[in-house]
Amino acid sequence: MSGLATRRRDRIGGGRAYALIDGNSFYCSCERVFDPKLAAVPVIVLSNNDGCAIARTSEAKVLGIRMGEPYFKIRDLCRSHGVRVFSSNYTLYGDMSARTNAVFRQFSPRVEVYSIDESFLDLSDVAAALRVELALDLRATVRAWTGIPTCVGIGPTKTLAKLANHIAKSLPDLSGVCDLTEPSAYDHWLCRVAAAEVWGIGRASLAKLEAMGVESVADLRDLDPRPVRKGLTVVGERIIHELRGTACLPLELVPARRKGCAVTRSFSTRITDRATLEEAVAAHATRLGEKLRREGLATDHVTVFYHTSDHDRDDPQRSVSATVTLPEHTSDTLALIKAARLGVAKTWRDASPNRPSWRYSKAGILTNDLVPLSHSPRALIGRLDRERSDPLMAAVDACNARWGRGTVVPARAGLVGRRDWSTKFEMRTPRYTTQVSELPVAMA
DNA sequence: TCTGGGGTCCTAGGACCC
DNA sequence: TCTGGGGTCCTAGGACCC
């Protein structure tokens with residue numbers, strides 16, 4: 001037996017190795033790729049409506065800007081410290097994500113795209129002694145080919161790979177790579193990292209664990225898994241096994257078919273009248289139809305909701321939702337709009353002399369139990385005219401793909417008005433990589 | 001009339017994630 | 001003035017059935 005094979009057997013996890021690679025401050029890094037002036041300055045990216053900070057570079061974190069912090073609270077801070085602030089540009093980030101994954105696939109054919117900025121790679125076939133070297137090469141290649149800086153965590157299970165990634169990110173001397181399949185690293189780090197950092201341990205679980213005297217990851221690992229199941233469900237039990245090196249979570253190479261789909265948005269201003277609310281809900285239904293058709297899915301019901309804001313403490317509050325059944329499974333925008341409007345009609349309440357209008361802050365449309373359109377049952381009576389609908393929707397989608405979303409919209413969606421309520425993106429950068437008219441310009 | 005023990009299915013709500 | 005959006009999984013409990 002070769003020395004390498006012997007060494008490998010000594011490692012926990014029976015030789016399996018997963019890498020978790022993620023983009024550092026991913027959205028901010030995407031912005032930096034296209035503007036070199038952002039390189040050393042603090043950068044943040046805001047959520048929809050320019051509401052909260054959802055990505056921060058290390059320079060911004062140092063200034064005390066927290067994840068999810070409302071922008072209006074930190075606007076002055078940003079101004080005085082020269083923080084560059086951007087609206088989110090999901091078209092750009094999605095495309096950059098695809099580019100990084102294309103690089104990952106050069107290093108391992110087995111890649112699970114876990115989120116827009118994180119992927120798991122199967123490194124089981126890479127000799128243990130070479131994994132760190134490979135990870136360093138992977139980081140350098142991604143950086144060179146896409147401009148995105150990353151960190152890599154390696155572990156015998158996905159949970160340990162996530163933990164390793166956290167360690168790699170928090171300690172600059174590790175050169176962005178941490179390998180917990182290495183027994184000495186495993187022993188060293190598990191008692192030095194807080195249990196709160198473990199994937200799947202949130203606030204509620206952490207409180208329960210603290211009551212049991214757990215502080216470090218090692219403390220959590222050493223709990224008896226079966227009693228833990230009582231307080232933390234099978235999820236908690238699984239985490240303990242994963243921390244011990246027994247893989248419970250397989251690599252998901254093929255994304256599971258989605259079960260539900262939602263389009264929900266806060267308004268940039270409050271809405272008090274029915275016509276505007278219906279217009280917003282119709283716009284969300286239009287977007288829902290696009291999402292369903294892109295994945296070949298269909299639904300036979302939609303739930304419409306709208307509500308006032310908790311932040312308007314002195315205003316009367318109202319929150320409603322209504323589910324509308326469709327005659328058959330469909331992804332037809334016109335059918336979805338009709339159902340969405342019906343949902344509003346069923347629940348709308350007018351203001352009266354002794355009751356002012358409610359000030360609605362958010363509305364949405366959602367559905368679950370999605371089925372593939374090709375398999376969906378068709379109603380015998382009252383069915384939609386699919387022979388007309390399918391080519392019509394295909395034509396609408398083709399136009400919008402070519403000339404941009406919103407080029408063709410159903411007239412009955414009422415989307416031709418001013419749309420004062422629609423989501424704000426006041427600091428959005430161009431879609432550099434997906435729109436010819438927005439290509440970056442280089443001067444030579 | 002009273003007494004019982006399982007099953008399944010569905011839903012709401014909690015928890016967590018990015 | 002200004003506080004995101006979109007998912008998944010799990011459990012408890014109710015309804016219903018045999």
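In what follows, every chain begins at residue 1, and chains take the letters A, B, ... in the order their sequences are listed.
Sorted by first and then second residue, the pairs that involve residues 44-60 of chain A and meet side-chain hydrogen bond (donor to acceptor under 3.5 Å, both in side chains), not counting sequence neighbours, are A:R32-A:E59, A:D50-A:S87, A:T57-A:E59. For the ring-ring contact (aromatic ring centres under 6.0 Å, His included) condition, the pairs that include at least one residue of residues 192-233 of chain A, sequence neighbours left out, are A:Y114-A:W199, A:F120-A:W199.
For A:Y432, the ring pair (Phe, Tyr, Trp, His ring centres under 6.0 Å) criterion is met by A:F34, not counting sequence neighbours. A:Y18 meets the ring pair (Phe, Tyr, Trp, His ring centres under 6.0 Å) test with no other residue; sequence neighbours excluded. Every residue meeting the side-chain hydrogen bond (donor to acceptor under 3.5 Å, both in side chains) condition with A:T429, not counting sequence neighbours, appears here in chain and number order: A:E31, A:N89. With sequence neighbours left out, A:R105 forms a side-chain hydrogen bond (donor to acceptor under 3.5 Å, both in side chains) with no residue at all.
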Which donor-acceptor pairs under 3.5 Å do side chains of residues 260-268 of chain A form with protein atoms, sequence neighbours excluded?
residue: A:S268; atom: OG; partner: A:D420; partner atom: O; Å: 3.0
residue: A:S268; atom: OG; partner: A:W421; partner atom: O; Å: 3.1
residue: A:S268; atom: OG; partner: A:S422; partner atom: O; Å: 2.9

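A:D369 and A:H301 are not linked by any side-chain donor-acceptor pair at a separation below 3.5 angstrom, with hydrogens and angles left out of the test. For the residue pair A:T91 / A:T434, no side-chain donor-acceptor distance below 3.5 Å is found, with atom types taken as modelled.
From the 5' end on, the contacts that DNA chain C makes with chain A at under 4.0 Å to a non-hydrogen atom open and close at C:dC2 to C:dT11.
Residues from residues 256-263 of chain A lying near DNA chain C, meaning a heavy-atom separation below 4.0 Å, are A:R258, A:K259, A:G260, A:C261, A:A262, A:V263 in numerical order. For the contact set between residues 193-201 of chain A and DNA chain B, defined by any heavy atom under 4.0 Å, the members are A:V198, A:W199, A:G200, A:I201. Scanning residues 64-72 of chain A for heavy-atom distances under 4.0 Å to DNA chain C yields A:P70, A:F72.
The C1' atoms of C:dC17 and B:dG4 are separated by 14 Å, rounded to the nearest whole Å.
Secondary structure note: stems in DNA chain B built from 3 or more consecutive Watson-Crick or G-U wobble pairs under 3.5 Å occupy B:5-18 with C:5-18.
The residues A:K169 and A:D22 are annotated as salt-bridged, a charged nitrogen and a carboxylate oxygen being separated by less than 4.0 angstrom. Between A:E295 and A:R258 a salt bridge is recorded (basic side-chain N to carboxylate O distance below 4.0 Å). Ion pairing between a basic and an acidic side chain is recognised when a charged N comes within 4.0 Å of a carboxylate O; A:E290 and A:R294 show no such pairing.
When A:H307, A:R318, A:R270 are each tested for a side-chain hydrogen bond (donor to acceptor under 3.5 Å, both in side chains) with A:Y360, only one passes: A:R318.
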